[in-house]
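Take a look at the structure set out below.
Hydrogens, waters and symmetry mates play no part in the numbers below; they use all other heavy atoms, side chains included.
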There are 2 protein chains.
Amino acid sequence: MATGRSHRPATRSRGIPEATVARLPLYLRALTALSERSVPTVSSEELAAAAGVNSAKLRKDFSYLGSYGTRGVGYDVEYLVYQISRELGLTQDWPVVIVGIGNLGAALANYGGFASRGFRVAALLDADASLAGRLVAGLPVRHIDELEAIVADNQVSIGVIATPAGAAQEVTDRLVNAGVTSILNFAPTVLSVPDGVDVRKVDLSIELQILAFHEQRKAGEGRQEPDGDVPAVMPA
Amino acid sequence: MATGRSHRPATRSRGIPEATVARLPLYLRALTALSERSVPTVSSEELAAAAGVNSAKLRKDFSYLGSYGTRGVGYDVEYLVYQISRELGLTQDWPVVIVGIGNLGAALANYGGFASRGFRVAALLDADASLAGRLVAGLPVRHIDELEAIVADNQVSIGVIATPAGAAQEVTDRLVNAGVTSILNFAPTVLSVPDGVDVRKVDLSIELQILAFHEQRKAGEGRQEPDGDVPAVMPA
DNA sequence: TAGATTGTTAATCGATTAACAATC
DNA sequence: TAGATTGTTAATCGATTAACAATC
């Protein structure tokens, strides 16, 4: 993962496991690449390799969506692209607002994966009034005071938070009050939201720390465990 | 989590589960905040609330590290900060290189969580020669041709890839050849790496797609399931 | 038909959680 | 001692995977 979430129960009504949902975008990306190369069909083995997963897992994942393959043949690429897109809700338009237009917000605004695949950046918002009007990724930055009106006018249900940590909770509260029910949080804070609001968190330093853990273990391979050490700080 | 990974077995030598490792940075962040407020001790209940997890899970997680709490009292904040930092390998210095200094690379370079917590940006690299020498976050951008020398001279073991998708695999190969054994990948591609190299992936559009899935389910709550529909595209 | 590949079963494994004995 | 809270057990739940019958 990337990392934190706060959801309803792990499986939903028709019962697609959360772990499967998280992999559907991977499959979709691999399928889109095949589609662009005009590959008509693909086997679970090939597609799994392209997506970087085990083929049994892929077939199990697809079995939650329905029986979209043909035994002895494989999967029709275009058909599967459509089915997965529909399952993920990407056949409809999702207006999003990005709050906090620093380097990260600008990177997100420019990110190609946003504009394609059903997501439309409805507005870029920042608390810095001197940024207002500046064009980022072809869109004018607007002042945070316009948040409520923009969310209402564009029926925005997804907000992306790229503000400093200190501003994230207040921005969240305003987004939620204005009607946003899904939040992608890049600020390094735990957000509190009411029931029914989904938060996903992307945390750069957490990913790095997880790598450091494994890196340390590699370096220590076969060496003496440094764990019996007298701690540098003792409990009170 | 963010999302993809490619690891050795889920638990390691002394057997800390991967899910626990992924939460240690969350605990560390909450503890650091308490430390800054000079809070001396904290109970599992309080700390769990601050980190956004279940307190039983937190106690179980800590039990893998050792018995660092005091029954009836709680955990000594400073002591626990030290133990978790040590477990994560943050008591040593980790030089990292960031490759691809667009908006995202610049955001990463400026990210406070990098500089603190044991990580040190050894260099910023970009393929665009016209960027060379420009200061980003106080560091000069250097040309990608210097990659091998920089990795060797600084004993860099962690690389961060913020290039376009098309460049990511080649950059990965060069990093790995130069000696890097952990990669944090922001490019939307599956990277192939030899055994012994860890890759973690952060994928903005995947996170958004997962949100869209849940958002769609919310919108459809109590409505007719649209699944029996005649598909718009039929299999070949 | 023979070969290929799906969809599903069942075993296994890892993660979560409530509950509570241990103990400060 | 009485109250509080940890550390651990055991039950449960969800995810992964190999294997193979079904079937194109």
Inset, instruction - To the nearest Å, give me how far apart CD (E45(A)) and P (dA19(D)) are. - result: 13 Å
Inset, instruction - Assign each of V73(A) and S44(B) to its nearest nucleotide of DNA chain D by heavy atoms, then name whichever residue's nucleotide is nearer the 5' end. - result: S44(B)
Please tabulate, for the side chains in residues 89-97 of chain A, all donor-acceptor contacts under 3.5 angstrom to protein atoms that are two or more places apart in sequence or on a different chain.
from	atom 1	to	atom 2	distance (Å)
D93(A)	OD2	R120(A)	NE	3.0
D93(A)	OD2	R120(A)	NH2	3.3
W94(A)	NE1	G89(A)	O	2.7

Legend entry - Value in whole Å for how far the C1' atom of dT5(D) lies from CG of L58(B): 12 Å
Inset, instruction - Round to a whole Å and report the spacing from CD of Q83(A) to P of dT6(C). - result: 17 Å
Inset, instruction - To the nearest Å, give me how far apart CG (L65(B)) and P (dT8(D)) are. - result: 12 Å
Inset, instruction - Using a 4.5 Å cut-off on heavy atoms from C-beta on, say whether the side chain of E215(A) contacts that of L208(A). - result: no
Inset, instruction - Go through dA15(C), dT16(D), dT8(C) for me and flag the one nearest to the A19(B) side chain. - result: dA15(C)
Inset, instruction - Would you indicate whether the side-chain heavy atoms of I183(A) and D198(A) approach each other to under 4.5 Å? - result: no
Inset, instruction - Could you state the atom-to-atom distance from CG of N54(B) to P of dA15(C) in whole Å? - result: 15 Å
Legend entry - Between P of dA15(C) and NZ of K57(B), the distance in whole Å: 11 Å
Inset, instruction - Just need the stems in DNA chain C: three or more back-to-back Watson-Crick or G-U pairs, each with both distances under 3.5 angstrom, sorted by first number. - result: C:3-24 with D:3-24
Inset, instruction - Please determine, by modelled atom types, if T20(A) and D61(A) share a side-chain donor-acceptor pair under 3.5 angstrom. - result: yes
Inset, instruction - Examine Y68(B) together with Y79(B) and report whether their ring centres are nearer than 6.0 Å. - result: yes
Legend entry - Rounded distance in Å - NZ (K60(A)) to P (dA19(D)): 17 Å
Legend entry - Pairing of E87(A) and R217(B) as salt bridge, 4.0 angstrom limit: yes
Legend entry - Side-chain donor or acceptor of K201(B) paired with backbone N/O of V190(B) under 3.5 Å: no
Inset, instruction - Return the 5'-most residue of the pair Y75(A), A56(B) with respect to DNA chain C, ranking by each residue's nearest nucleotide. - result: Y75(A)
Inset, instruction - Quickly work out the D61(B) CG to dT16(C) C1' distance and round it to whole Å. - result: 10 Å
Legend entry - Residue-phosphate contact under 4.0 Å: R59(B) side-chain N/O, dA19(C) OP1/OP2: no
Legend entry - Below 4.0 Å: OP1/OP2 of dC20(C) and any side-chain N or O of R71(B): no
